[in-house]
Enquirer: 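Okay, here's the structure, questions in a sec.
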Amino acid sequence: MTSVTSGKRDFDLLIIGSGISGLTAAISAAEKGLAVAVISKEAYLSECNTSYAQGGIVGIGKNDSPELLEKDITLAGDGINCSEAVRLLATEGPKLVEEFLVKKIRVPFCKDESGKPDLTREAAHSIRRIYHIKDKTGEVIENELIRFAKNHGGIKLFHSHTAIDLITNTHNSRNTQERYRRTRVIGAYVLEESMNRVIVFFSPSVILATGGAGNLFLHTSNPPGASGDGIAMAYRIGAEVMNAEYVQFHPTVLYHRDVKRFLISESLRGEGARLMNKKGEYFMEKYDQDLKDLAPRDEVARAIFREMELEDSEYVKLDARCIRDIDLEKRFPAIFGQCKALGLDIGKEPIPVVPAAHYFCGGRKCLHRSSRCEQISLCVST
Ligand SMILES: Cc1cc2nc3c(=O)[nH]c(=O)nc-3n(C[C@H](O)[C@H](O)[C@H](O)COP(=O)(O)OP(=O)(O)OC[C@H]3O[C@@H](n4cnc5c(N)ncnc54)[C@H](O)[C@@H]3O)c2cc1C
């Protein structure tokens, strides 16, 4: 039986989550002299969405500017974005990738002949500005961050530690009058798996960096741990959650009885692969005459869903046989290899695919706009 003990740890900052958000925050805080704890519920710190990111991360393109990036992000968000947050991201994000990931953490992004980052392009970006490490960008970034954090004396890393709930003055104090004050987060109850007990982490500041919630859905590209724990914990202490209905579905995740969560990259369609229904008809032209198979993700995912409904089918197919002049095995080694292992030669037969929950766009409403809660920030993104 699991017991609650008096096991207790004190830190200046508790970070729940060891992906790119949690570790970046941990390193930045530790460099300012704070004693930081990072906990992850997984047995390996690296088991998180970050490690599965393939394509790359937004850096600085040629003739790029924060204004241009801001415009691209706003367009991609259909104008519903919080403009303050978009501006901050567009102004500070690429600079931080340079200063933090490249210069401090020394992430070995691929370089061009002149020794500058090799820029690639992704959907909704008007120019090439994506830094990448082939199709393993996330895995390399995550491993470098873990290495850096482990070597930093100010950070303690705990794997197999599952946060259950946040501790607040208004919910947990023995002083009844505290419930009439503003809510302050003062720590978290955490299941320490190896001891099978719940312990208390006390900290005047807590950052929730628990990733997304893809596993709420039948199909997802996310690892099993992406179950929305942080949002639920924040909600339970009275935080306002917003935009939770905005979930990006990636149009093409492999549909297979035994292999779940395997992404079939958009770049396959970028090179010419086309979506077909059960009857063998290429259907994207019906939904977007200009962009066809390369329409934005939400449009393509909706079109696939519609075709599945019309045919009462559980998937559609992606035909990579349309790709000409490219050695599929060399250009897409991971996809080629995974499909081959399942007995599918993607050069000879179409790949069964289905849209899958990929990226959770919602989260905790900005702290400074809320009167009830303070000292909690939520980074949810997957
Ligand atoms: C297949 C795939 C491909 C992608 N490709 C790209 C790409 O090319 N470019 C791009 O920019 N983005 C990409 N993304 C999105 C990107 O990976 C995420 O936005 C990003 O990694 C999220 O980082 P994070 O730190 O917020 O969360 P995560 O990396 O998911 O980390 C969450 C952490 O929280 C921990 N956690 C959760 N709940 C608890 C709990 N109760 N107690 C303790 N710990 C907990 C987890 O164990 C984990 O350590 C991709 C995502 C996927 C799934």
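Remember, it's 1-based here, ligands and their atoms both numbered in the order they're listed. The first residue of the sequence shown is numbered 1, and numbering continues consecutively from there. Keep in mind the model is a prediction, meaning the values are calculated, not measured. Values below: every heavy atom of this structure, side chains too, minus hydrogens, waters and symmetry copies.
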Enquirer: Side chains of S126 and D72: donor-acceptor distance under 3.5 Å anywhere?
Expert: yes
Enquirer: I'd like to check whether I57 has a polar contact with ligand 1, where a contact means an N/O of the residue lying under 3.5 Å from an N/O of the ligand.
Expert: no
Enquirer: Strictly under 4.0 Å, does any heavy atom of S221 approach an atom of ligand 1?
Expert: yes
Enquirer: Consider only side-chain N and O atoms of H132 and D118, and report whether a donor and an acceptor are under 3.5 Å apart.
Expert: yes
Enquirer: Salt bridge (charged side-chain N to carboxylate O under 4.0 Å, His left out), that's the test. Do R331 and D327 meet it? Break it down for me.
Expert: CA-CA 6 Å; R331 174 67 181 83; D327 182 334; over 6 Å; no
Enquirer: G138 near ligand 1, heavy-atom distance under 4.0 Å?
Expert: no
Enquirer: Is it the case that atom NZ in K260 sees more than 12 heavy atoms from other parts of the structure closer than 6.0 Å?
Expert: yes
Enquirer: Going by the atom numbers of ligand 1, which of them fall below 4.0 Å from some non-hydrogen atom of G19?
Expert: 25 (O), 29 (O), 31 (O), 49 (O)
Enquirer: Does E142 have a non-hydrogen atom less than 4.0 Å from ligand 1?
Expert: no
Enquirer: Do any nitrogen or oxygen atoms of G56 come within less than 3.5 Å of a nitrogen or oxygen of ligand 1?
Expert: yes
Enquirer: Under a 4.0 angstrom heavy-atom cut-off, which atoms of ligand 1 come close to D229?
Expert: 38 (N), 39 (C), 40 (C), 41 (N)
Enquirer: I need the atoms of ligand 1 closer than 4.0 Å to a non-hydrogen atom of H161, numbered in the order shown.
Expert: 42 (N), 43 (C)
Enquirer: Ignoring hydrogens and angles, state whether a donor on the side chain of Y255 or E314 is under 3.5 Å from an acceptor on the partner side chain.
Expert: yes
Enquirer: Which atoms of ligand 1 sit under 4.0 Å from any heavy atom of I16?
Expert: 42 (N), 43 (C), 44 (N)
Enquirer: Hey, is ligand 1 close enough to L263 that some N/O pair sits below 3.5 Å?
Expert: no
Enquirer: Who's closest to atom 30 (O) of ligand 1 heavy-atom-wise, of N49, D165, I231?
Expert: N49
Enquirer: Give a yes-or-no answer on whether the side chains of K71 and S65 include a donor-acceptor pair shorter than 3.5 Å.
Expert: no
Enquirer: Indicate, with yes or no, if the rings of F158 and F201 have centres closer together than 6.0 Å.
Expert: yes
Enquirer: Which bit of S51 is near ligand 1, meaning a heavy atom under 4.0 Å away: side chain, backbone, both or neither?
Expert: neither
Enquirer: Got an N/O contact under 3.5 Å between Y52 and ligand 1?
Expert: no
Enquirer: So which bit of K41 gets within less than 4.0 Å of ligand 1, heavy atoms only: side chain, backbone, both or neither?
Expert: both
Enquirer: Between ligand 1 and P223, is the shortest N or O to N or O distance under 3.5 Å?
Expert: no
Enquirer: Suppose I only count heavy atoms of G55 and a 4.0 Å limit; which atoms of ligand 1 are within that range?
Expert: 8 (O)
Enquirer: Out of all atoms in ligand 1, which are within 4.0 Å of some heavy atom of T162? Include the element for each.
Expert: 41 (N), 42 (N)
Enquirer: Report the member of S40, G22, A226, A209 with the shortest heavy-atom distance to atom 33 (C) of ligand 1.
Expert: A209
Enquirer: Any nitrogen or oxygen of H358, main chain or side chain, under 3.5 Å from a nitrogen or oxygen of ligand 1?
Expert: no
Enquirer: Hey, which atoms in ligand 1 end up nearer than 4.0 Å to a heavy atom of A53?
Expert: 3 (C), 4 (C), 5 (N), 6 (C), 7 (C), 13 (C), 14 (N), 17 (O), 50 (C)
Enquirer: Measure centre to centre between the rings of F217 and F249, then say whether the value is under 6.0 Å.
Expert: yes
Enquirer: Is N222 close enough to touch ligand 1? Criterion: a residue heavy atom under 4.0 Å from a ligand atom.
Expert: yes
Enquirer: For the 3.5 Å polar cut-off, considering only N or O atoms, please tell me whether T50 and ligand 1 meet it.
Expert: yes
Enquirer: Which ligand 1 atoms does E42 reach within 4.0 Å, using its non-hydrogen atoms?
Expert: 47 (O)
Enquirer: Identify the heavy atoms of S40 and L45 that sit nearest to each other, and give their distance.
Expert: CB-CD2, 4.0 Å
Enquirer: Any chance the side chains of R129 and H125 put a donor and an acceptor closer than 3.5 Å?
Expert: yes
